[in-house]
Number of protein chains: 2
Amino acid sequence: MTTLNDIAKHVGVTTTTVSWVLNNRQKEKRISPSTCQRVRQAAQDLDYRPSFSAQSLAKGKTSSFGLVCGGLAYPFFAEMIDFAMHETRQRNHHLLLAATGWKLEAELEAFEMLLTRGVDGIMMYSNAVTPQTDQYRYIHRQQFPTVILGQKSGDLPLIQTDFMPGMMQAVEHLKKRGCRSVGYVGHWPASREKFPCFEQACQYHGMQASKWPCQTPHESVLATSREFAHHRNRPDAAIIIADNSAIVFMQGLFQEGLRVPDDVAVIGSDDISIGQYINPPLTTIARSSEMIVTQALDWLVEMTQQKKLLLGAELCVPTRLVVRQSA
Amino acid sequence: MTTLNDIAKHVGVTTTTVSWVLNNRQKEKRISPSTCQRVRQAAQDLDYRPSFSAQSLAKGKTSSFGLVCGGLAYPFFAEMIDFAMHETRQRNHHLLLAATGWKLEAELEAFEMLLTRGVDGIMMYSNAVTPQTDQYRYIHRQQFPTVILGQKSGDLPLIQTDFMPGMMQAVEHLKKRGCRSVGYVGHWPASREKFPCFEQACQYHGMQASKWPCQTPHESVLATSREFAHHRNRPDAAIIIADNSAIVFMQGLFQEGLRVPDDVAVIGSDDISIGQYINPPLTTIARSSEMIVTQALDWLVEMTQQKKLLLGAELCVPTRLVVRQSA
DNA sequence: ATGAAAGCGCTAACAT
DNA sequence: ATGTTAGCGCTTTCAT
């Protein structure tokens, strides 16, 4: 492995000079063009690659941010992370990803791992960092740039999704279609925020509400859809926790001989890109992952610059109904 | 930020001792239990976190692998990466991701970035590293652990997908269904490997073949599907480069009043998990991302241990037809 | 059972 | 226009 020193010896200067040249400080430091030339040539010839570890150790920063999230298997997250990687790069940083399989303990471990790796800030798509945790205290003590993407946790910078407007529009829309009763299909604890909005919206619009719990895996959603289809008091609409699950749910309905939206109107959540191309195109409660990511990164950058937390910062990203043909 | 030294002073020992304790070398190095105890306590009290940069600089390795790929937006990749992250962790490594937007130049840059960050090995889901490139030479000179996921590049360790068996089965299946003519829908250069298999399979089975180029974005696929639908010599089947695009293609067909599979039989590629839940469930040419990832990681581990490339290593992952209802 | 010292590759303040 | 020097936080060999 080639080091700055190797180049320095090869050219007959010191590592300092080499460092300056390779970091394009030649103007500022007044290095002669010929030296520059020779240094660059040597770097090329010797196959030089800078060492990130050494650089960040010396500089005390890594120019990278961390993102902890459950996983990439759900398209909404995949799309969000894809966007986050681009945006991070725009800000001259690298994104370190930690997928946790939605386990609280794994989320805290991921946080530790990212700290250890010296990231300059962390986005937590998780509710694991509560005021009771070591991590929460660390963030405060060190004023370590952190943004929570989820539920309020003390005074940490927070980006929340406001499911209320989308949910209200959804229920209202179902009402207008003539629906009398609607079921909420989803898993817990992921429904902690969504379900109360659902209940409230139903109450407001005088819609009969019911709850259809299921697990995350597709098979579980399918099972729930069958149960739903055969229930003697089958609702005439369903609002499903995620677009992916909504697609599966509709398939279950079809298999039981029901038609969407005529027998059951179906509304998904998140607006994943494939949703508009399935059959029938999926009506859904949309939210903008772009807004979430953009704001989170901006705050991270700001906090790293000011070297302090934006205590109490809060953004609430609205949702809205996108009407297609499934409801 | 707390360092080993801070702990050492606090406890009244040297950094060496602290290092040993915190790395659980107390047996081997015969550290007294009481010292251990005090060191650990201090680490806890002082909120100590090891510095990855310092550790890897001192040890000369990072315990991480890199994966460069086009992006996460396509579910097959998202699922593959999700799996890769888990498997990497199983092997006590971390996965550094670099998404390139499928641009050759970006792929080489990503490779450089990962080298700089000192990863212990790289998986390239890319054909950017040809024998003409600097990177290819570097890999050989340094015997740097690399696995190419794509097309043969000199004697670098290679994992390829063999599209032939799946394609043969697909065309045979269409034939049995009574199809006479089939169109290939896809974008280039991603079709470089698939399309020749398609042509060969059609020739073998005496099926009339045609080519329907499109771009990656959904809208472009939709446009192609309309063109396809209205063509005076419309094929009675279509094989599409990716499941995602197949879903969009079917939607386009529906919009033009055609039925799948009766008017046009549709076969996708890759077998993404949502495929079986759409309407009609998607017949597809499946391949195993698990096999690819598992083998790539095993080779990487082996190469890092032996400190040399597995020159000429090759694995060819087979494809197979999964028949559902779209064809 | 523990310490001293060198070094990993790079940066940056201060010379000259 | 370039060199000297002192770290950054950690591991490791060799002493004691």
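Just so we're on the same page: letters track the sequence lines, and every chain starts at 1. Model, not experiment: these values are computed from the prediction.
- Side chain to side chain, A:Ser64 and A:Thr62 meet the donor-acceptor criterion of an N or O pair below 3.5 Å.
- Using a distance-only test at 3.5 Å, with no hydrogens or angles considered, no donor-acceptor pair links the side chain of B:Asp120 to the main chain of B:Phe65.
- Direction change of the helix axis from one end of the helix from C:dA1-D:dT16 to C:dT16-D:dA1 to the other is 40°, with five pairs defining each end axis (rounded to 10°).
- Distances shorter than 4.0 Å separate none of the side-chain N or O atoms of B:Arg25 from OP1 or OP2 on D:dT11.
- Between the CZ atom in A:Phe144 and the CG atom in A:Leu114 there is a gap of 8.0 Å [rounded to 0.5 Å].
- When heavy atoms are screened at a 4.0 angstrom cut-off, B:Ser53 is found touching no nucleic acid atom at all.
- Between C:dG9 and A:Gln55, no contact under 4.0 Å exists linking OP1 or OP2 to a side-chain N or O.
- For C:dT2, the base has no donor-acceptor partner in the side chain of B:Ser32 [N/O atoms by modelled type, under 3.5 angstrom].
- Residue order along DNA chain D, read from the 5' end via each residue's closest nucleotide, puts A:Ser34 first among A:Ser34 and A:Ala54.
- Note on A:Thr3: only backbone sugar-phosphate atoms sit closer than 4.0 angstrom, heavy atoms only; bases stay farther off.
- For B:Val13, taking side-chain heavy atoms from C-beta onward, the closest of the listed nucleotides C:dG3, C:dC14, C:dC8 is C:dG3.
- Among the heavy atoms of the strands, none lies under 4.0 Å from A:Phe52.
- Each of A:Leu57 and B:Gly12 lies near DNA chain C, and the nucleotide nearest B:Gly12 is the one positioned closer to the 5' end.
- For D:dG3, the OP1/OP2 oxygens have a side-chain nitrogen or oxygen of A:Thr14 closer than 4.0 Å.
- No more than 12 heavy-atom neighbours from other residues, nucleotides or ligands sit within 6.0 angstrom of CD on B:Glu105.
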Point to revise | Trace of the salt bridge (charged side-chain N to carboxylate O under 4.0 Å, His left out) decision for A:Glu314 with A:Lys152 | key: CA-CA 9 Å; A:Glu314 252 179 75; A:Lys152 198 178 181 70; 2.5 Å; yes
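- For residues 68-88 of chain B, the side-chain hydrogen bond (donor to acceptor under 3.5 Å, both in side chains) pairs, not counting sequence neighbours, are B:Tyr74-B:Asp270, B:Glu79-B:Ser273, B:Glu87-B:Arg91.
- Checked by distance alone, B:Thr17 brings no side-chain donor or acceptor within 3.5 Å of a matching partner on the base of C:dA1.
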